[in-house]
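All heavy atoms count here, side chains included; hydrogens, waters and symmetry mates do not. Just so it is clear: chains get the letters A, B, ... in the order the sequence lines come, proteins before strands, and each one is counted from 1. The model shown is predicted, which means the values in this text are computed figures rather than measured ones.
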Protein chains: 2
Amino acid sequence: MATPGPYDVYAAIAAPARREILGLLASGDQPVQQLAESFQMTLPAVSQHLAILRDAGLVSVRKAGRQRIYSINAEPLKSVAEWAQSYERFWTDKLAALGEYLEENP
Amino acid sequence: MATPGPYDVYAAIAAPARREILGLLASGDQPVQQLAESFQMTLPAVSQHLAILRDAGLVSVRKAGRQRIYSINAEPLKSVAEWAQSYERFWTDKLAALGEYLEENP
DNA sequence: GAAACATTTAAGCAATCGCTTAAGTATCAT
DNA sequence: ATGATACTTAAGCGATTGCTTAAATGTTTC
């Protein structure tokens with residue numbers, strides 16, 4: 001693909017297909033072919049999604065004969081989890097009002 | 001905007017500008033005008049981002065005179081946090097190998 | 001080497017994105 | 001009413017997205 005630069009994690013997980021790929025890889029490494037069987041799209045399309053996940057650092061590849069075995073590398077998701085978690089007080093219903101109050105009156 | 005449908009949360013948070021808007025609203029409700037001051041883009045652009053955040057259920061509006069006061073509604077981020085957290089075992093270095101093993105051999 | 005296989009890369013295309021300017025709608029002030 | 005203010009909606013534009021088919025690049029098998 002000759003990617004223009006490192007792909008943003010948030011952009012990478014924006015596409016449902018790519019989140020599904022991560023889900024599949026979570027239950028074990030898989031070659032491209034096998035991954036593609038889980039989707040209706042063509043194999044090149046899956047390969048392109050994998051390239052984006054690669055650029056985002058969310059997956060890594062190793063060669064095994066003519067196959068490329070993909071494995072998950074969820075570490076970049078840590079920052080996503082932390083970012084989302086930082087809003088936790090807003091969905092902790094009972095204390096939401098207080099939380100917001102404290103934010104506005106530090 | 002006559003939105004074609006409810007906007008996906010993951011797509012909504014994919015744009016840096018929209019995450020920044022959420023960050024700003026986290027420290028207090030703000031009218032559009034005031035939000036726009038924090039950005040280089042035009043006010044209509046901010047308004048469009050707000051429309052997307054609205055469709056994703058991430059913000060809510062109330063009228064105050066001719067102003068629209070936006071406030072954060074982070075609840076949809078809960079599912080994002082949970083989704084990302086579900087991969088936690090993959091970044092818990094020491095136990096990653098075990099975690100993957102257990103996943104493959106349930 | 002030639003042929004089959006696994007995957008990537010290239011090229012192209014319709015749809016969507018993020019932005020702009022311009023026009024519309026609602027509210028307040030005079 | 002008239003005009004200013006606050007915002008949204010519309011229209012348009014270049015860039016990017018997600019896909020496709022076709023061609024190119026390894027790699028194994030014969």
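- Checking dT21(D), dT8(D), dT8(C) against every side-chain atom of Leu43(B), the shortest atom distance belongs to dT8(D).
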Can you tabulate the close N/O pairs, meaning under 3.5 Å, that link protein atoms to atoms of nucleotides 23-30 of chain D?
{"unit_1": "dT27(D)", "atom_1": "OP1", "unit_2": "Lys63(A)", "atom_2": "NZ", "d": "2.2"}

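- One finds no side-chain N or O of His49(A) lying less than 4.0 angstrom from the OP1 or OP2 phosphate oxygen of dT17(D).
- Residues from residues 10-17 of chain A placing a heavy atom under 4.0 Å of any atom in DNA chain C do not occur.
- Heavy-atom nearest nucleotides on DNA chain D were determined for Met41(A) and for Val61(B), and the one closer to the 5' end corresponds to Val61(B).
- Side-chain N or O atoms of Arg54(B) include none that pairs as donor or acceptor with a backbone N or O of Val59(B) at under 3.5 Å.
- At whole-Å resolution of the value, CD in Glu37(B) and P in dA6(D) are 10 Å apart.
- If you take CD1 of Ile52(A) and C1' of dC19(D), they are 11 Å apart, rounded to a whole angstrom.
- For Tyr70(A) and dA6(C), the shortest distance from a side-chain N or O to OP1 or OP2 is not below 4.0 Å.
- Side-chain atoms of Gln48(B) and base atoms of dT20(C) include a donor and an acceptor less than 3.5 Å apart.
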Carefully, step by step, assess Lys63(A) and Arg68(A) under the rule side chain to side chain contact (heavy atoms under 4.5 Å, CB included). CA-CA 5 Å; Lys63(A) 288 167 61 176; Arg68(A) 302 293 166 93; 3.6 Å; yes
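- Considering CD of Gln30(A) and CD of Glu37(A), their distance stands at 8.5 Å, rounded to 0.5 Å.
- Ring planes of Tyr87(B) and Trp83(B): perpendicular class, angle over 60° (limits at 30 and 60°).
- The CD atom of Gln30(A) sits 15 Å away from the P atom of dA6(C) (whole-angstrom rounding).
- Per the geometry, CG belonging to Asp8(B) stands 12 Å off P belonging to dG18(D), to the nearest Å.
- If you measure from atom CG of Asp55(A) to atom P of dT16(D), you get 15 Å, rounded to the nearest angstrom.
- Note that CD of Glu88(A) and CD of Gln85(A) are 4.5 Å apart. Values are rounded to the nearest 0.5 Å.
- For the pair Ser47(A) and dT8(C), the criterion of a side-chain N or O lying under 4.0 Å from OP1 or OP2 is met.
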Given side chain to side chain contact (heavy atoms under 4.5 Å, CB included), test Leu50(B) with Val61(B) step by step and report yes or no. CA-CA 10 Å; Leu50(B) 287 168; Val61(B) 215; over 6 Å; no
Hey, mind stepping through Asn73(A) and Trp91(B) against side chain to side chain contact (heavy atoms under 4.5 Å, CB included) and telling me if it holds? CA-CA 8 Å; Asn73(A) 182 350; Trp91(B) 67 69; over 6 Å; no
Report the C-alpha separation of Leu25(A) and Tyr70(A) in whole Å, then their side-chain angles, then the decisive distance to 0.1 Å, and conclude whether the side chain to side chain contact (heavy atoms under 4.5 Å, CB included) test is met. CA-CA 7 Å; Leu25(A) 291 180; Tyr70(A) 278 82; 4.1 Å; yes
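- Atom C1' of nucleotide dC28(C) and atom CD of Gln33(B) are separated by 14 Å, given to the nearest angstrom.
- Leu50(B) comes within contact range of no nucleotide atom at all, as no heavy-atom separation falls under 4.0 Å.
- Rounded to whole angstrom, the span from the CG atom of Asp29(A) across to the P atom of dA6(C) amounts to 18 Å.
- To the nearest 0.5 Å, the span separating CG on Leu22(A) from OG on Ser27(A) amounts to 11.0 Å.
- To the nearest 0.5 Å, atom CD1 of residue Ile69(B) and atom CD of residue Gln34(B) are 8.0 Å apart.
- The interatomic distance linking Arg19(A) (CZ) with dG18(D) (C1') rounds to 14 Å, in whole Å.
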